[in-house]
Student: 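Starting off with a structure, shown below.
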Amino acid sequence: MSKELSSEAMLRRRFLQAAGLFGSIGLWGGTAALGATTKSVRLPFANGERELTNAFPQKGEMILLRTRPPLLETPFDVFDHGVFTPNNRFFVRWHLPYIPTQIDAEAFRLTVHGHVGKNLSLSLHQLMTEFEPVEIAAVNQCSGNSRGFFDPRVAGGQWANGAMGCARWTGVRLKDVLDRAGVNADAVQVRFNGLDSGIIASTPDFIKSLDIDHARDGEVMIAYGMNGEQLPLLNGFPTRLIVPGWYSTYWVKMLNDIEVLNKPDDNFWMAKAYLIPDTPNANVKPGQTGFHSVPINRMVPRSFITNLRDGDRVLAGHAVQVRGIAFGGDTGVAKVLWSNDGGTHWRDATLEEDHGKYSFRRWHAHYTPGSRGENTLMVKAVNSNGVEQPDAANWNAGGFMRNVVESTKITVA
Ligand SMILES: Nc1nc2c(c(=O)[nH]1)N[C@H]1C(S)=C(S)[C@@H](COP(=O)(O)O)O[C@H]1N2
Ligand SMILES: [Mo]
C-alpha cells in the first residue's frame, strides 16, 4: 500500500510546503466562468450541449454543467491518457453554494468529538507527522455518473461518463485518528462534515455517515494528498475522506469535523437523499412504487473504450488497438471482455498494470476490422467477486449506479 512512500519525511515536507504556499486561494471561477469561453462540446444525449471552461482555479479545460455550486465534468478523452486522472482535469461536484475560497492551512483544525474518550483538534501538521502515512489508488465516482443517459430522463446533474476519476490518495487511516480519540463502546456510526454550507440556514448542511465498523476498517482514510500534490481546493483542500470502493457521496471534502454517534444518522443527506431501490442493480421500472430503499453504498464494475468513439472510422483489414479503462467497483477487475460483433462473441482483453483493487485498470486488445460497414464494439468488466456489467441499463428515479455494458458504433471503411 505504501510502497511509493520511499521517504516519508520528504513527502511530509512536500505537503506541508504546499499547504503553506497555497494555503489561501483567493479567486475562483464564480460567475466569471460564464462567458469566459466560447468553446463547447456535445455530450451524446438530448440537450447535451455544454460549454468548455478554463475559468476555475487549479483546473484545466473542463465541461461546465453548473457554475455555483460548481459541477465540472472531465472531458472523456482525458481517460485515454493514463490510469490516473490529473488533478487539474479531475471532476468537481458540490451541493451547497457557499464554499470557502480561502483556507488558512496553519489555522485549519480537524476536530473529532461525540461518543469518544477525548475530543481531538488536529492541525494539518499533526495529521502529517503524528500518524502513519498511507497511500491508495482509488476511483472517485459520483453516484450519478452517466445520469444523462437515463431513459426516461431523470432530474439531477446531467453528467455523461466523466463524473469519475482515479487518483493516488495520500493521508492517514481514519481508524488511527479514531483510535487516538478512543471510540466509546456505544458508537454506531461516524459522521463527517466539511467547511461548505448553505447560504440560507434552512439548506441542510452536507454531512454523511458511515457505520462504525466500516469507519474503522483501516481502508477508509483522511487524505491530504492527491497524485503526489495537495488536493485542489475544489476537490477538498486541505483534507477529504476517501472511502475506497464506495460512491463519492461519502468522500466528504474540506473535512473538518468528525462526530462519533451512538445512534444511526437520520440527517437529510443520509435519510432522504442518495437512496437507491434495494433491488438488483438498483433497478426499478419508471413509476414503480412499493420497493424498499437504502442509502447508496458500494460501486459496481464498469469499463470503457477510451480511444475510439461513436462515429469514428477505421480501415478494413488494418489492425488497430482498442484500449480503455475498467474498474471493479468494490473489488478488483478479474477480466475485461470485448466484442467486435455487437456482443455475439466475447474475447479476453489484455489487462495492464494492477495499481490495486480500487483503481482504474487499463486494458487493450488488437482488432482487425473485417467487412465494411457499421460495426459495434462493446466492452464488459467482470470483477473478482464474479459480478459483471449488465447487458441492459438499470433505471431509478435518482439516476444512480449506471453500469450497463458500453457500446461504441464505428464505421469500417
Ligand atoms: N463537503 C462536501 N463534500 C462532498 C460533496 C459536497 O457537496 N460537499 N459532494 C460529494 C459528492 S456527491 C461527490 S460526487 C464528490 C465529488 O468529489 P470531487 O468534486 O472531488 O470530484 O464529493 C463529495 N463530497
Ligand atoms: Mo455525487
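First listed ligand is number 1; within each ligand, the first listed atom is number 1. All of these numbers come straight from a predicted model, not from anything done at the bench.
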Student: Distance under 4.0 Å to a non-hydrogen atom of Val92: what atoms of ligand 1 satisfy this?
Tutor: 19 (O)

Student: Of all the non-hydrogen atoms in the protein, which one sits nearest to atom 24 (N) of ligand 1, and at what distance?
Tutor: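 Looking only at protein heavy atoms, the one closest to atom 24 (N) of ligand 1 is Trp251 O, 3.1 Å.
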
Student: In the protein, what heavy atom is nearest to atom 7 (O) of ligand 1, and what distance, to one decimal place, separates them?
Tutor: His95 ND1, 2.7 Å

Student: I want to know whether Phe327 and His355 have ring centres closer than 6.0 Å.
Tutor: no

Student: I need the nearest protein heavy-atom contact for atom 14 (S) of ligand 1: residue, atom name and distance, please.
Tutor: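 For atom 14 (S) of ligand 1, the nearest protein heavy atom is Ser248 OG, 3.1 Å.
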
Student: Judged by atom type as modelled, is there a donor-acceptor pair below 3.5 Å linking the side chain of Thr249 to the main-chain atoms of Tyr274?
Tutor: no

Student: Among all protein non-hydrogen atoms, which one is nearest to atom 5 (C) of ligand 1, and what is the separation to 0.1 Å?
Tutor: Phe206 CE2, 3.4 Å

Student: For atom 19 (O) of ligand 1, find the nearest protein heavy atom and state the residue, atom name and distance (0.1 Å precision).
Tutor: Lys253 NZ, 2.5 Å

Student: Looking at Cys142, which atoms of ligand 1 are within less than 4.0 Å of one of its heavy atoms?
Tutor: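 Those qualifying, in numeric order: 14 (S).
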
Student: Decide whether Ser40 and Glu51 meet the rule of one side-chain donor and one side-chain acceptor closer than 3.5 Å.
Tutor: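 The answer is no; no qualifying pair exists.
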
Student: Suppose we call two aromatic rings close when their centres sit under 6.0 Å apart. Are Tyr250 and Phe192 close by that rule?
Tutor: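 No, they do not, as the ring centres are separated by 6.0 Å or more.
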
Student: Side chains of Asn307 and Asp80: donor-acceptor distance under 3.5 Å anywhere?
Tutor: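 No - no donor-acceptor pair under 3.5 Å links their side chains.
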
Student: What atoms of ligand 1 come within less than 4.0 Å of a heavy atom belonging to Asn140?
Tutor: 17 (O), 18 (P), 20 (O), 21 (O)

Student: Keeping the roles fixed (side chain from Asn184, backbone from Ala187), state whether a donor-acceptor pair exists under 3.5 Å.
Tutor: no

Student: Centres of the His113 and His115 rings: under 6.0 Å?
Tutor: no

Student: Could you tell me which atoms of ligand 1, counted from 1 in the order shown, lie closer than 4.0 angstrom to a heavy atom of Asn235?
Tutor: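 Answer for ligand 1: 18 (P), 19 (O), 20 (O), 21 (O).
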
Student: Counting only heavy atoms, tell me which of Phe91, Phe90, Tyr274 gets closest to atom 16 (C) of ligand 1.
Tutor: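 Among Phe91, Phe90, Tyr274, the closest heavy atom to atom 16 (C) of ligand 1 belongs to Phe91.
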
Student: Can you check whether Phe304 and Phe76 have ring centres sitting under 6.0 Å from each other?
Tutor: yes

Student: Just to confirm my output: which protein heavy-atom neighbour is closest to atom 17 (O) of ligand 1, and how far is it?
Tutor: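 Looking only at protein heavy atoms, the one closest to atom 17 (O) of ligand 1 is Arg240 NH2, 3.1 Å.
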
Student: Considering non-hydrogen atoms of the protein only, which is the closest contact for atom 2 (C) of ligand 1, and what is the distance?
Tutor: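 Its nearest protein heavy-atom neighbour is Asp196 OD2, 3.4 Å.
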
